[in-house]
**Student:** 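Handing you this structure, nothing more for now.
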Amino acid sequence: MKKLFSIGPGTWVTAAFIGPGTVTVCTLAGVKFGYTLLWALIISVVACVILQEMAARLGVVTQKGLSEVLTSQFENKAIKNVLIVLILSAIAIGNAAYEAGNISGGVLGVNTLLEAVTENKHIPKSYISILIGGIAFIMLYSGNYKLIERSLIGLVLLMSLAFITTAIVTKPNIWELGKGVVPDFSTNKLLTIVGLIGTTVVPYNLFLHASIVREKWKSTTDLPTARKDTVVAIVLGGIVSIAIMIAGAAMQQTEVHSAADLAKGLEPVFGSIAKYVLSIGLFAAGITSAITAPLAAAYVVKGCLGWKGNLKSKKFKAVWMIILLLGVVFSSLGIKSIEIIRFAQIANGLLLPVVATFLLWVMNQSKILGQYTNSRQQNLLGILVLLVVCFLGLRSVWNVIINL
């Protein structure tokens with residue numbers, strides 16, 4: 001019974017992909033297109049479950065991270081080095097750039113709450129950035145897997161409660177919601193569709209998931225529990241994303257640029273409570289991503305460079321400390337680091353199809369996974385997801401290039 005209701009590493013994935021970026025994309029999708037893109041969110045959640053289940057299974061069976069397995073399969077040093085550089089560029093450097101956005105998202109949520117308490121007195125953004133960075137630092141520095149996991153579970157549940165409550169308060173039209181599950185590929189919606197899927201299916205979660213399952217599960221007998229954990233956690237994340245889109249669709253204005261605008265925009269319609277509840281959700285989304293992004297980078301560097309040790313090793317701590325520090329500094333000073341983010345987007349765009357292809361390939365290697373290779377149905381679903389992520393990767397790279 002305890003295993004049946006076990007909640008674990010899957011929550012880390014949800015905590016990672018429901019960040020300020022996802023909140024903003026879902027908000028804008030709701031504001032611009034109402035409920036008509038619910039189907040795209042559903043597809044993204046299904047794709048995420050398929051890939052993350054494979055990553056979790058790989059981690060449990062091999063007791064290795066994805067970066068370790070990936071680099072070990074290439075004997076050619078030149079190919080291996082190119083792959084390592086691509087992975088480190090996309091995940092380590094990319095997460096350093098995105099960390100500022102994660103912390104800034106949490107700052108927006110805290111600011112909205114504090115402004116009401118202090119009667120709109122200005123609170124320096126840098127102070128709140130340091131506070132959020134400090135909270136993340138304390139949890140990560142402990143090196144205690146259970147503490148971090150329980151903290152993330154609590155924050156994810158808080159975030160879920162905040163956004164789902166807001167969606168319910170908006171009293172969505174059930175008939176219109178039902179029509180939203182019908183696919184619509186209108187040209188003016190394509191970029192938003194790509195954004196919705198791209199914020200849910202992300203490379204660094206595959207690396208993070210394969211690594212952290214080893215901290216909790218050591219035997220293949222735990223695979224059913226790991227699978228349940230993955231499905232439940234990611235579906236919960238999908239429900240949260242849908243709730244955010246529903247809240248965005250309820251807004252009566254179109255000038256919305258961030259989730260903070262959503263919080264303020266709902267106040268005239270539903271009163272100040274909706275604004276505060278949403279702000280709490282935004283804070284939770286920001287801080288959970290601020291914790292998981294440095295961790296993912298540390299796991300990737302550890303795997304690529306062949307380091308030994310666990311969450312408490314000095315090298316591992318050094319990596320996430322650098323990522324977190326850069327995030328706090330960039331957020332405090334308001335540095336957008338556009339060029340670094342563009343570079344990271346190109347690297348991620350190239351890495352996602354490569355990692356998805358490799359993952360699908362390795363999940364069919366009996367010499368690595370034994371009897372736990374993919375079934376025919378899993379391969380079929382995996383190929384469909386692969387086609388989607390290839391499109392996403394190429395589209396991401398193209399968008400960056402044409403905007404240079």
Side-chain angles (χ1 to χ4, degrees), residues 13 16-17 21-22 25 40 43-59 65-74 76 78-95 97-98 185 190-211 234 296-297 299-300 303-304 341-365 368 373-374 378-404:
V13 176
F17 83 74
T22 300
V25 170
I43 287 176
S44 69
V45 170
V46 171
C48 187
V49 167
I50 292 168
L51 289 182
Q52 295 297 159
E53 187 279 331
M54 290 184 193
R57 184 162 23 114
L58 179 67
L66 182 55
S67 53
E68 295 168 75
V69 176
L70 202 158
T71 53
S72 69
Q73 297 304 304
F74 295 92
N76 186 297
I79 295 176
K80 182 184 288 189
N81 289 336
V82 169
L83 194 59
I84 289 174
V85 169
L86 180 59
I87 294 171
L88 292 179
S89 299
I91 309 299
I93 297 175
N95 281 13
Y98 298 143
F185 293 95
L190 283 180
L191 282 179
T192 306
I193 293 169
V194 171
L196 288 170
I197 300 175
T199 57
T200 307
V201 185
V202 289
Y204 92 74
N205 267 344
L206 297 172
F207 289 94
L208 178 64
H209 205 181
S211 295
I234 294 174
Y299 274 120
V300 164
C304 284
I341 290 174
R342 281 179 176 168
F343 171 74
Q345 285 175 331
I346 290 176
N348 270 294
L350 293 172
L351 182 64
L352 183 55
V354 171
V355 172
T357 300
F358 172 80
L359 184 60
L360 191 58
W361 174 79
V362 81
M363 296 310 293
N364 284 280
Q365 302 303 304
I368 297 174
T373 54
N374 274 356
Q378 286 172 320
N379 279 329
L380 178 59
L381 292 171
I383 290 171
L384 291 174
V385 172
L386 179 60
L387 293 175
V388 172
V389 298
C390 283
F391 171 75
L392 279 176
L394 294 173
R395 182 75 195 194
S396 175
V397 172
W398 177 249
N399 280 343
V400 175
I401 292 174
I402 63 176
N403 288 316
L404 288 176

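In this text the structure is predicted, and so the values were computed from the model without any measurement. For the numbers below, each heavy atom of this structure counts, side chains included, while hydrogens, waters and symmetry mates do not.
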**Student:** Report the distance from atom SG of C48 to atom CD1 of I234, rounding to the nearest 0.5 Å.
**Tutor:** 4.0 Å
**Student:** What is the distance from atom CG of L70 to atom CD1 of I87, rounded to the nearest 0.5 Å?
**Tutor:** 5.0 Å
**Student:** How close do G382 and M54 get, heavy atom to heavy atom, and via which atoms?
**Tutor:** CA-CE, 4.1 Å
**Student:** Atom CD1 of I84 and atom CD1 of I79: how far apart are they, to the nearest 0.5 Å?
**Tutor:** 12.0 Å
**Student:** Taking all non-hydrogen atoms of both residues into account, name the closest pair between A16 and N205 and its distance.
**Tutor:** CB-OD1, 3.0 Å
**Student:** How close do S211 and G65 get, counting heavy atoms only, and between which atoms?
**Tutor:** OG-CA, 3.7 Å
**Student:** List the atom pairs, with distances to 0.1 Å, where a side-chain N or O of residues 356-364 and a protein N or O form a donor-acceptor pair under 3.5 Å, not counting sequence neighbours.
**Tutor:**
from, atom 1, to, atom 2, distance (Å)
T357, OG1, P353, O, 2.7
N364, OD1, N379, ND2, 2.7
N364, ND2, L360, O, 2.8
N364, ND2, N379, OD1, 2.8

**Student:** Nearest 0.5 angstrom please: E68 CD to L58 CG, how far?
**Tutor:** 10.0 Å
**Student:** What distance separates L86 CG from C304 SG, expressed to the nearest 0.5 Å?
**Tutor:** 9.5 Å
**Student:** Provide the closest heavy-atom pair for V69 versus S72 in the form atom of the first, atom of the second, distance.
**Tutor:** O-OG, 2.8 Å
**Student:** Side chain to side chain contact (heavy atoms under 4.5 Å, CB included) with Q378: which residues, sequence neighbours excluded?
**Tutor:** E53, R57, N374, S375
**Student:** Among L381, V389, V202, whose side-chain contact (heavy atoms from CB on, under 4.5 Å) with L51 holds?
**Tutor:** V389
**Student:** Testing the basics here: between V201 and A47, what is the closest heavy-atom pair and its distance to 0.1 Å?
**Tutor:** CG2-CB, 4.0 Å
**Student:** Nearest 0.5 Å, please: how far is OH in Y204 from CG in L66?
**Tutor:** 15.0 Å
**Student:** Kindly write out the residues that satisfy side-chain hydrogen bond (donor to acceptor under 3.5 Å, both in side chains) with Y299, not counting sequence neighbours, or none if the list is empty.
**Tutor:** E215
**Student:** Could you go through L196 and S44, starting from their C-alpha distance and side-chain angles, then the distance that decides it, and tell me whether this counts as side-chain contact (heavy atoms from CB on, under 4.5 Å)?
**Tutor:** CA-CA 7 Å; L196 288 170; S44 69; 5.5 Å; no
**Student:** Can you name the closest pair of heavy atoms from I193 and A40 and give their distance?
**Tutor:** CG2-CB, 4.1 Å
